[in-house]
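Every chain is numbered from 1 and lettered A, B, ... according to where its sequence line falls, protein lines coming before strand lines.
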Protein chains: 2
Amino acid sequence: MKIAFDKLDKAFENRVRLQIMSVLSVNSRYDFNSLKELLNITDGNLASHLKGLEKEEYIMVHKSFLGRKPNTNYEATDKGKKAFKDHLDTLEQLIKQQKIN
Amino acid sequence: MKIAFDKLDKAFENRVRLQIMSVLSVNSRYDFNSLKELLNITDGNLASHLKGLEKEEYIMVHKSFLGRKPNTNYEATDKGKKAFKDHLDTLEQLIKQQKIN
DNA sequence: TTATTTACTTTGAAAATCAAAGTGCTTTTA
DNA sequence: TAAAAGCACTTTGATTTTCAAAGTAAATAA
């Protein structure tokens with residue numbers, strides 16, 4: 001059996017983006033600062049990875065106020081959830097294949 | 001439950017190196033040209049990824065002759081097999097975690 | 001009014017990735 | 001026997017990716 005490596009999504013190759021998608025598929029929403037603390041990266045770096053996922057339409061942004069403070073939340077889109085699932089399914093096949101041998 | 005993303009091995013982040021390790025954990029040995037055809041990449045590109053894995057001591061090289069032609073074979077080391085397994089185990093945990101939610 | 005917070009954008013450097021060309025050696029073909 | 005081709009690279013250089021740091025704007029808190 002051959003594994004379709006070409007089904008692996010380049011957008012999820014990077015560790016940070018993999019983490020973001022994991023968080024956003026377990027939590028329906030997650031805000032910028034919590035994400036930044038969780039991943040322990042600079043805000044600029046986080047912002048650019050978020051932007052990358054947004055460009056692919058894998059996540060979307062919700063801007064609101066918590067009391068008087070601005071609060072930006074991120075949410076995985078259906079497209080993003082599907083793409084992430086497909087990616088993990090491919091990885092799962094790969095893992096299974098390895099276990100047989 | 002928290003997933004240890006930091007256990008993901010950077011050496012296996014790249015698609016080509018992931019494929020190489022997959023092939024070398026199913027096949028005890030695989031030669032340069034077959035690998036090149038399988039992955040459908042240029043020889044220079046393959047060589048540099050192989051070198052990267054060799055530098056980590058994840059694979060080793062066997063040079064021999066098939067008849068009169070030189071033939072270079074690659075084999076995963078124990079260290080490489082372990083590292084690859086650990087990497088896949090971490091990915092598996094991530095996948096499981098996603099399925100619960 | 002000065003400092004701080006939030007959520008960025010911009011900049012630039014470093015690292016990663018890749019194709020293409022070059023290399024040295026051998027073997028096959030004309 | 002000269003030329004072409006195969007093998008397994010190395011080198012080069014361009015492009016892309018990744019990241020930290022600095023800059024920004026708008027608002028709030030001290």
Within this structure, what is the [atom1]-to-[atom2] distance between [X] and [N], rounded to whole angstrom?
| X | N | atom1 | atom2 | result |
| --- | --- | --- | --- | --- |
| A:L53 | C:dC8 | CG | P | 13 Å |
| A:N71 | C:dC8 | CG | C1' | 14 Å |
| B:K63 | C:dT26 | NZ | C1' | 14 Å |
| A:L35 | C:dA7 | CG | P | 11 Å |
| B:L39 | C:dA19 | CG | C1' | 16 Å |
| A:L50 | C:dA7 | CG | C1' | 10 Å |
| B:E56 | C:dA16 | CD | P | 10 Å |
| A:D31 | C:dT6 | CG | P | 9 Å |

- Item | side-chain hydrogen bond (donor to acceptor under 3.5 Å, both in side chains): pairs with one or both residues in residues 44-54 of chain B, sequence neighbours excluded | B:R17-B:H49, B:N45-B:H49

Classify the nucleic acid contact of [X] as base, sugar-phosphate or nothing, counting any heavy atom under 4.0 Å across all strands shown.
| X | result |
| --- | --- |
| A:R17 | sugar-phosphate |
| A:Y74 | sugar-phosphate |
| B:T42 | base |

- Query: So, does A:T72 use its side chain to make a donor-acceptor pair with the main chain of A:K63 at under 3.5 Å?
  - Reply: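 Absent.
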
- Message: For A:D86, is there any backbone N or O sitting under 3.5 Å from a side-chain donor or acceptor partner on A:T90?
- Response: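 Pair found, side chain donor or acceptor close to backbone of A:D86.
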
- Opening and closing nucleotides of DNA chain D in contact with chain A, under 4.0 Å to non-hydrogen atoms: D:dT18 to D:dT28

- Message: On DNA chain D, does the nearest nucleotide to A:V16 precede the nearest nucleotide to A:D43 from the 5' side, or the other way round? Give the residue.
- Response: A:V16

- Task: By nearest nucleotide on DNA chain C, pick out whichever of B:N40 and A:N73 is the more 5' one.
- Result: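 Closer to the 5' end of DNA chain C: A:N73.
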
- Query: Starting at the 5' end of DNA chain C and moving along, which residue's nearest nucleotide shows up first, A:E13 or A:S48?
  - Reply: A:S48

- Message: Check this one for me: any side-chain N or O of B:H49 less than 4.0 Å away from OP1 or OP2 of C:dA16?
- Response: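 For C:dA16, neither OP1 nor OP2 has a side-chain N or O of B:H49 closer than 4.0 Å.
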
- Task: Tell me whether the OP1 or OP2 atom of C:dT5 has a side-chain N or O from A:N33 closer than 4.0 Å.
- Result: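 Indeed not, no polar side-chain atom of A:N33 lies that close.
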
- B:E92 and A:K99 ion-paired at < 4.0 Å: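 Result for this pair is yes, salt bridge flagged.
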
- Query: Should B:D89 and B:K85 count as an ion pair when the cut-off is N to O under 4.0 Å?
  - Reply: yes

- Message: Is the ring pair B:F32/B:Y74 parallel, tilted or perpendicular, if the boundaries are 30 and 60 degrees?
- Response: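 Ring orientation of B:F32 relative to B:Y74: tilted.
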
- Query: In terms of side-chain heavy atoms of A:K51, which of C:dC8, C:dC18, C:dT9 is nearest?
  - Reply: C:dT9

- If you check the B:N45 side chain, which of C:dA19, C:dC8, C:dT17 turns out closest? C:dA19

- Looking at the rings of A:F84 and A:Y58, which for Trp means the six-membered one, are their centres under 6.0 Å apart? no

- Intermediate values then yes/no, side chain to side chain contact (heavy atoms under 4.5 Å, CB included), B:Q97 and B:I100: CA-CA 5 Å; B:Q97 194 58 26; B:I100 295 167; 4.1 Å; yes

